[in-house]
S.K.: 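If you scroll down you'll find the structure; I have some questions about it.
We count residues from 1, following the sequence as given. For the numbers below, each heavy atom of this structure counts, side chains included, while hydrogens, waters and symmetry mates do not.
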Amino acid sequence: MCGIVGYIGKRQAYPILIKGLKRLEYRGYDSAGVALINEGCDLNVYKAKGKVSDLEEYVGDKDISGVVGIAHTRWATHGEPCQVNAHPHYSSSGNLALIHNGIIENYATLKAKLQAKGYLFKSSTDTEVLVQLIEYIQTNKNLELLEAVKIALRSVIGAYAIAVLDKRMPGQIIAARKSSPLVVGVGEGEFFLASDASPIVEFTDKVVYLDDEEVAVLNPAEELKVVNLHNVGVNPEVKTIDLELSQLEKGGYPHFMLKEIFEQPDCLNDCMRGRVNVEANHVVLSAVIDHKERLLAARRFIIVACGTSWHAGLIGKHVIENFCRIPVEVEYASEFRYRNPVIDERDVVIAVSQSGETADTLAAVEMAKKKGAFIYGICNAVGSSIPRNTHTGSYIHVGPEIGVASTKAFTGQVTVLTMLALCLAKEKQTIDEAAYLQLVEELSRVPDKMKQVLEMNGRIAELSRIFTYAHNFLYLGRGYNYPVALEGALKLKEISYIHAEGYPAAEMKHGPIALIDAEMPVVVIATQNGMYEKILSNIQEIKARKGKVIAIVTEGDQVISKLADDVIELPGTLECLEPLITTIPLQMLAYHIAVCKGKDVDQPRNLAKSVTVE
Ligand code: M6R
């Protein structure tokens, strides 16, 4: 989604803003722009459709001087992606420039009122309405920018993170947020602003996360000032971020996605560090220690999530129900939040989200909280909105995920859900000691087994070439591997734009089998587990109709290997841990097919990394 960067201090702002925008490219966008106040107090705005590099080209040798500026990457909501709709937007007088992430839901009403007062609009955006509204209030009531911004935001319905410049007050940036993230970086005599910490980390590790309805005044001559919309002063809590610059770079890989696929063994070790202790034969999660009674008293768990995180939730349901005997429902956050679900203080809601900012998941959390449920967050982005709005939770600790297609976050989420199941099962005594010990031990071996799978990258790259021209793909799995089939299909469609569907293998004969012919590649997860014989029959059914089977099997498999057209052999593990292994070749397959097709793997069309609008 849209990205915000701001700078005010002693350095030239433009290079910092452009670098920041590039760091935010992973979020997905279709146009970019920058506003700078130069020494003569001119407010220069430059915008371009396309990438940040298109903006740089457009800027050329125009005046980019100035020690204060704001910049934006836009992911179109209101109005097509084009230069006019790109941010920043000027106010009518040209005194103000504003950038905005989120959606102003009542923009049409506000716009009509402003039009009635003679305001003209150049763009189709909700953002331009906001900057005009601020200017209208400022002029009419003869107020300073800060006051006008607060009044304007009190009349706004919707979500926003904004930054505003006023050329008559070049020594400050005003920033505010509601339901859309905004971070202030605190340097020596300078401030940075961004939608996440990635553009800031190079300059300072001191940050302030703004809360909903807070407005910040960034003036390098003063301390950071934060007030809420109702004029109550807030003491900004400066936090130290633990983020290395190298985590935000490709480190020699051609794409972030491939880097992140390969990081998974290390990520899982980080995720389990201090939690899975093989010597002492136990798994601990501090959230379970702190809230044991509340969690064990739950009549059911409801997992809310979107996309890949929802797939991880499906695996979480299997593992928690299997070992803890607690009923678990898995809900799309976007459906759950709008259907008045039966939920009360006896329920525990588990919100799973890589970014911690997904608007629907956040809204589901708020709604469940109001109904009295206890909320447990499983997130990656430290300090993001979901962890800040839950009662407790566990970070997955896999480091920043930049590729739009989620990979390491998925395996991190599955690992945390598995650890949660193990902790609770032990407390509830619903797992016998031998099974528990075996699971703890095997979980700790998963990173090494993942490394073995990653060694097949070259082979999978070769295999991918054959399928580059396929128009459809089917992914089949059963039990723990059914969500992996869904995830494999999602990965392929996201980055290669090939239509793909995931199905529980046995459901194939209830419809999708009609699609199978010699042109249809079918990826079947057919590992040696309790479902093996059943999956074998499903493969026979596909072969009888001349479908092309790519089978994901356990090493040493003699039967399916002879039946399938292509086979990827994986190290064996316990059935409930298989998704952590079987998902890796599907990530690699999707990646290589997309690369063969020449697609933009890290920034696929129309997609955003962090979906902060509903
Ligand atoms: O940040 P979240 O985990 O809440 O994001 C949820 C989905 O938007 C996300 O998983 C999306 O489906 C990914 N692009 C999948 O690769």
S.K.: Evaluate the criterion side chain to side chain contact (heavy atoms under 4.5 Å, CB included) for residue pair E56 and K22; output intermediate values, then yes/no.
M.R.: CA-CA 11 Å; E56 287 180 283; K22 287 184 177 167; 2.9 Å; yes
S.K.: Compare all side-chain heavy atoms of L492 with those of L589 and state whether any distance is below 4.5 angstrom.
M.R.: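 No, their side chains stay 4.5 Å or more apart.
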S.K.: How far apart are the C-alpha atoms of T125 and R74, what are their side-chain angles, what is the distance that settles it, and do they pass the side chain to side chain contact (heavy atoms under 4.5 Å, CB included) test?
M.R.: CA-CA 11 Å; T125 64; R74 173 176 186 254; 3.9 Å; yes
S.K.: Does a side-chain heavy-atom distance below 4.5 Å link V208 with E237?
M.R.: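 No. Closest side-chain heavy atoms not under 4.5 Å.
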S.K.: Return yes if some donor-acceptor pair links the side-chain N/O of Q83 with the main-chain N/O of K47 below 3.5 Å, else return no.
M.R.: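 Yes; at least one donor-acceptor contact below 3.5 Å.
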S.K.: Please find the pair of heavy atoms, one from G383 and one from R388, that lie closest to each other, and give the distance.
M.R.: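 Heavy atoms of G383 and R388 come nearest at O-NE, 2.8 Å.
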S.K.: With a 4.5 Å cut-off on side-chain heavy atoms, are L224 and V226 touching?
M.R.: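 SC-SC contact between V226 and L224 confirmed.
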S.K.: Does any part of the side chain of I162, heavy atoms only, come nearer than 4.5 Å to the side chain of L153, both counted from C-beta?
M.R.: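 When only atoms from C-beta onward are counted, I162 and L153 do touch, with a gap below 4.5 Å.
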S.K.: Going through the checks in order, is the side chain to side chain contact (heavy atoms under 4.5 Å, CB included) test met by V215 and L229?
M.R.: CA-CA 7 Å; V215 188; L229 288 191; 3.6 Å; yes
S.K.: Using modelled atom types and a 3.5 Å cut-off, is there a donor and acceptor pairing between side-chain atoms of R337 and backbone atoms of M367?
M.R.: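 A pair under 3.5 Å: no.
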S.K.: Within the 3.5 Å criterion, strictly below it, is a donor on E25 or T73 matched to an acceptor on the partner's side chain?
M.R.: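 No - no donor-acceptor pair under 3.5 Å links their side chains.
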S.K.: If we count only N and O atoms by modelled type, under 3.5 Å, do the side chains of D360 and T358 hold a donor and an acceptor together?
M.R.: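 Short answer, no.
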S.K.: Salt bridge or not between K51 and D54? Use side-chain N to carboxylate O under 4.0 Å.
M.R.: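 No salt bridge links K51 with D54.
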S.K.: Is a side-chain N or O of Y29 found less than 3.5 angstrom from the main chain of G3, in a donor-acceptor match?
M.R.: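 No: the side chain of Y29 does not pair with the backbone of G3.
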S.K.: Look up atom CG in L24 and atom CD1 in I402, then write down how far apart they are to the nearest 0.5 Å.
M.R.: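 With rounding to 0.5 Å, CG (L24) is 9.0 Å from CD1 (I402).
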S.K.: So does R168 get a backbone contact from the side chain of D166, meaning a donor-acceptor N/O pair under 3.5 Å?
M.R.: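 Looks like yes, one N/O pair under 3.5 Å.
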S.K.: Between K491 and E487, is there a salt bridge with N-O shorter than 4.0 Å?
M.R.: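 Result for this pair is yes, salt bridge flagged.
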S.K.: Under 6.0 Å from the NZ atom of K117, do we count more than 12 heavy atoms belonging to anything else shown?
M.R.: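 Atom NZ in K117 is not crowded, with 12 or fewer foreign heavy atoms closer than 6.0 Å.
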S.K.: Considering all heavy atoms of both residues, which atom of Q12 and which atom of G66 are nearest to each other, and what is their separation?
M.R.: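 Looking at all heavy atoms of both residues, the shortest contact is OE1-N, 3.0 Å.
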S.K.: Looking only at heavy atoms, what is the nearest atom pair of Y46 and L55, with distance?
M.R.: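 Between these two residues, the closest heavy atoms are O-CD1, 3.4 Å.
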S.K.: What distance do L210 atom CG and R177 atom CZ have between them, rounded to the nearest 0.5 Å?
M.R.: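 Rounded to the nearest 0.5 Å, the CG-CZ separation comes to 7.5 Å.
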S.K.: If you measure only the distance, is there a donor-acceptor pair under 3.5 Å linking the side chains of S394 and Y376?
M.R.: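 Yes.
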S.K.: Looking only at side chains, do Q413 and S309 share a donor and an acceptor under 3.5 Å apart?
M.R.: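 Yes - a donor-acceptor pair under 3.5 Å links their side chains.
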S.K.: Do the side chain of E357 and the main chain of S385 share a donor and acceptor less than 3.5 angstrom apart?
M.R.: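 Side chain of E357 to backbone of S385, a donor-acceptor pair under 3.5 Å: yes, one is there.
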S.K.: Count the heavy atoms belonging to other residues, nucleotides or ligands that lie under 6.0 Å from NZ of K259, then report whether that count exceeds 12.
M.R.: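 Atom NZ in K259 is crowded, with more than 12 foreign heavy atoms closer than 6.0 Å.
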S.K.: Is it the case that the side chains of E213 and N228 hold a donor-acceptor pair, with the cut-off being a distance below 3.5 Å and no angle test?
M.R.: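 Absent: no donor and acceptor within the cut-off.
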S.K.: Can you tell me if S155 uses its side chain to pair, donor with acceptor, with the backbone of A152 under 3.5 Å?
M.R.: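 The answer is yes, because a donor-acceptor pair under 3.5 Å joins these two groups.
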S.K.: Quick one: closest heavy-atom pair of L268 and G412, and the distance?
M.R.: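 That would be CD1-N, 4.1 Å.
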S.K.: Parallel, tilted or perpendicular, judged at 30° and 60°: which one describes the rings of Y7 and F192?
M.R.: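 If you compare the ring of Y7 with that of F192, the planes turn out tilted.
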S.K.: For the pair E147 and K150, find out whether any cationic side-chain nitrogen is under 4.0 Å from an anionic carboxylate oxygen.
M.R.: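 Yes, charged N to carboxylate O under 4.0 Å.
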S.K.: Provide the closest heavy-atom pair for A161 versus P181 in the form atom of the first, atom of the second, distance.
M.R.: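 That closest heavy-atom pairing would be CB-O, 3.7 Å.
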S.K.: Is the side chain of N85 donor-acceptor paired with the backbone N or O of S124 at a distance under 3.5 Å, no angle test?
M.R.: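 Yes; judged by distance alone, with no hydrogens or angles, the pair exists.
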S.K.: Between E401 (side chain only) and T407 (backbone N and O only), is there a donor and an acceptor less than 3.5 Å apart?
M.R.: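 Side chain of E401 to backbone of T407: a pair is present.
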S.K.: Going by heavy atoms in the side chains, are T415 and I396 under 4.5 Å from each other?
M.R.: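 No. Closest side-chain heavy atoms not under 4.5 Å.
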S.K.: Report the distance from atom CD1 of I70 to atom NE2 of H100, rounding to the nearest 0.5 Å.
M.R.: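 It is 12.5 Å, given to the nearest 0.5 Å.
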S.K.: I'd like to know whether CG of N231 has more than 12 heavy-atom contacts from other residues, nucleotides or ligands below 6.0 angstrom.
M.R.: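 Atom CG in N231 is packed in, count exceeds 12.
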S.K.: Side chains of L454 and M588, heavy atoms from C-beta outward: is any pair under 4.5 Å?
M.R.: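 When only atoms from C-beta onward are counted, M588 and L454 do touch, with a gap below 4.5 Å.
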S.K.: Is there a side-chain contact between V129 and I104 in this structure, where contact means two heavy atoms from C-beta onward sitting under 4.5 Å apart?
M.R.: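 Side chain of V129 against side chain of I104, heavy atoms only: no contact under 4.5 Å found.
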S.K.: Say you draw a straight line from CD1 of I134 to OG1 of T139; how long is it, rounded to the nearest 0.5 Å?
M.R.: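 These two atoms lie 11.0 Å from each other.
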S.K.: Which distance, rounded to the nearest 0.5 Å, do you find between the CG of N380 and the CD1 of I386?
M.R.: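 Rounded to the nearest 0.5 Å, the CG-CD1 separation comes out at 12.0 Å.
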S.K.: Say you draw a straight line from CG of D602 to OH of Y591; how long is it, rounded to the nearest 0.5 Å?
M.R.: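 Those atoms lie 7.5 Å apart.
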S.K.: For atom CD of E144, is the number of surrounding heavy atoms from other residues, nucleotides or ligands below 6.0 Å larger than 12?
M.R.: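 Count not over threshold, so no.
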S.K.: Determine, stepwise, if the pair Y160 / S180 fulfils side chain to side chain contact (heavy atoms under 4.5 Å, CB included).
M.R.: CA-CA 6 Å; Y160 55 78; S180 194; 5.8 Å; no
S.K.: Can you name the closest pair of heavy atoms from L43 and G94 and give their distance?
M.R.: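 For L43 and G94, the tightest heavy-atom pair comes out as CD2-O, 3.7 Å.
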S.K.: Would a distance-only check, ignoring hydrogens and angles, find a side-chain to backbone donor-acceptor pair under 3.5 Å from S384 to S355?
M.R.: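 Yes; at least one donor-acceptor contact below 3.5 Å.
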S.K.: Does Y497 have K599 sitting over its ring (NZ/CZ under 6.0 Å from centre, angle to axis within 45°)?
M.R.: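 Here K599 fails the 6.0 Å and 45° test against Y497.
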S.K.: Examine distances only and state if a side-chain atom of T468 and a backbone atom of S464 form a donor-acceptor pair shorter than 3.5 Å.
M.R.: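 Pair found, side chain donor or acceptor close to backbone of S464.
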S.K.: Can you check salt bridge (charged side-chain N to carboxylate O under 4.0 Å, His left out) on K370 and E366, steps first, answer last?
M.R.: CA-CA 6 Å; K370 276 196 196 121; E366 300 290 1; 5.8 Å; no
S.K.: For atom NZ of K225, is the number of surrounding heavy atoms from other residues, nucleotides or ligands below 6.0 Å larger than 12?
M.R.: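 Not more than 12 within 6.0 Å, no.
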S.K.: T308 versus Q354: any side-chain heavy-atom pair under 4.5 Å?
M.R.: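 Not touching, per the 4.5 Å side-chain cut-off.
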